[in-house]
**Student:** 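Would you mind keeping the following structure in view while I ask a few things?
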Amino acid sequence: MAETPFTLLQLNSMIKKSVKELFPDSLWIIGEVHEMNENHSGHCYLELVEKDENSDQIVARARATIWVMTWRMLKPYFETATGQELISGIKVLVNATVEFHELYGFSLNIKDIDPVYTLGDMEKKKAEIIRKLESEGIMDMNKGLELTEVPQRIAVISSKTAAGLQDFLEQLRSNSFGYKFHIELFVAVMQGKQAEVSITQVLDKIYNKPDNFDAVVIIRGGGAKSDMNCFNSYLVASHVAQFPLPVITGIGHEKDVTITDLVSHTSVKTPTAAAEFIIAKFNSFETGLLDIQFRLADISADMVSSRKEELFSLGNRIYPGLKARIGKELQNFVRLESSFSGSIKNYFLHLGYKTKKMEEKTAFSPARVLIPKKDKISYLQNNFLFLTKNYLSLKTHQLHYQENITLLHNPDNILKKGFALVTHKGKMVKSARALKKSYIIATKFRDGRIESIVGNIDLEE
């Protein structure tokens, strides 16, 4: 062997020396947090990676450490600035020294983190996903769906123990209007690595029975900004955007809007606000029905008022004519009765006279000839009397009927029902449009009459 071999320690020591000489100062390094662990001593251990932009494959990897004293300062600073925890899946710009230890190998010792870079990277990713959704033409698909005016059957996606879920259910159940809802819960993981797959799987379950529901509500009870990362993913957003039922989001964030919020049919800030939105839909529908009811009542009242005026006018025209007609008919009836009675009387007198003559002429005849003649006369007399009574009764009934009809149309009887007649200079007033300011009008009630001067006239369109 020509050369003296190096021991592993010698090699690692040489590498350590070379790294120190090559990277004497700290560097700003970009990486994605792949794994993170805070141990019992308070130190934070991370694994940073870099991924290929096209294939998303890891092309570089390095261990990193944030010692306890530094971690105690960086953690609250980063979370306050970004609104989220330092977790796997986010990109960071860290200031670190390059270390090489003979026993533990290569690592980075993180001294500082720039939260501005992380925020920018997050917004950049959101913008890229939004552009992708827009290019696919699905960004506003769910917004274009029609949400029924009474969304009573609701599929809720939430974790089983979420406080926001209880707030949502309580708000619906205790609504002051007494509206009833049918709620079916679909349990899903709402944060972490499994959230994206869990939420989309639940959406697929609801998709298989769309006729059972009017809308879908996605509920989450707030939390750190990083907990909302699943709602900024393309997988969840694209599922919501293309879902065949309107999706309402009440994810529980006050400041930021997620991509899922942007593609959903309706986005509200909290689960309670989602319940209030649904109740408001019910109330709006009920208010619309009441408005229609009031308008129908007004129209009906106008029609009744119009018909009432027509009836009064008709009564004023008909009543005098009917009264005169009935009087005339009564006179005719009296004359007819008198004439009819006289004719019958004369007929029977004449018949009796003829009978007497016949008796005289046939005094010598046998009794069997006279008896049938007397029976015939008696029959005819009784029959005429019966027909006469029926005729007189029918005419009397007809007169009473006409009199009652006339009385029903008598304005005095109509006034007794609570209506009033308005006249101007003795003429019936049928419309407010016929009046002008300062006109003197007379209003007749069943128990009296008043006069008044017209002031403002409010005409309905």
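Note that the coordinates shown come from a computational prediction; the quantities given were computed from them, not determined experimentally.
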**Student:** Counting only heavy atoms from other residues, nucleotides and ligands, does the tally under 6.0 Å from CD of E149 exceed 12?
**Tutor:** no
**Student:** What pair of heavy atoms forms the shortest contact from M190 to S159, and how long is it?
**Tutor:** CG-N, 3.5 Å
**Student:** Other residues, nucleotides and ligands only: do more than 12 of their heavy atoms fall within 6.0 Å of CD on Q194?
**Tutor:** no
**Student:** What are the two closest non-hydrogen atoms of G137 and M141, and how far apart are they?
**Tutor:** O-CG, 3.8 Å
**Student:** Using the test side-chain contact (heavy atoms from CB on, under 4.5 Å), find all partners of L235 that sit at least two apart in sequence or belong to another chain.
**Tutor:** E196, T200, S233, H239
**Student:** Are there more than 12 heavy atoms of other residues, nucleotides or ligands under 6.0 Å from atom OH of Y207?
**Tutor:** no
**Student:** Which class fits the ring pair F213 and H182: parallel under 30°, tilted 30 to 60°, perpendicular over 60°?
**Tutor:** parallel
**Student:** Does atom CD1 of I440 have more than 12 heavy-atom neighbours, drawn from other residues, nucleotides or ligands, at distances under 6.0 Å?
**Tutor:** no
**Student:** From Y234 OH over to L133 CG, what is the distance, rounded to the nearest 0.5 angstrom?
**Tutor:** 6.0 Å
**Student:** Inspect the contact between K209 and E184 and indicate whether a charged nitrogen and a carboxylate oxygen are less than 4.0 angstrom apart.
**Tutor:** yes
**Student:** Could you report the tightest heavy-atom contact between P271 and F168, atom names first, then the distance?
**Tutor:** O-CD1, 3.4 Å
**Student:** Considering residues, nucleotides and ligands other than Y45, do more than 12 of their heavy atoms fall under 6.0 Å from its OH?
**Tutor:** yes
**Student:** Given H34 and I58, is the side chain to side chain contact (heavy atoms under 4.5 Å, CB included) satisfied, shown in steps?
**Tutor:** CA-CA 10 Å; H34 189 60; I58 296 175; 4.0 Å; yes
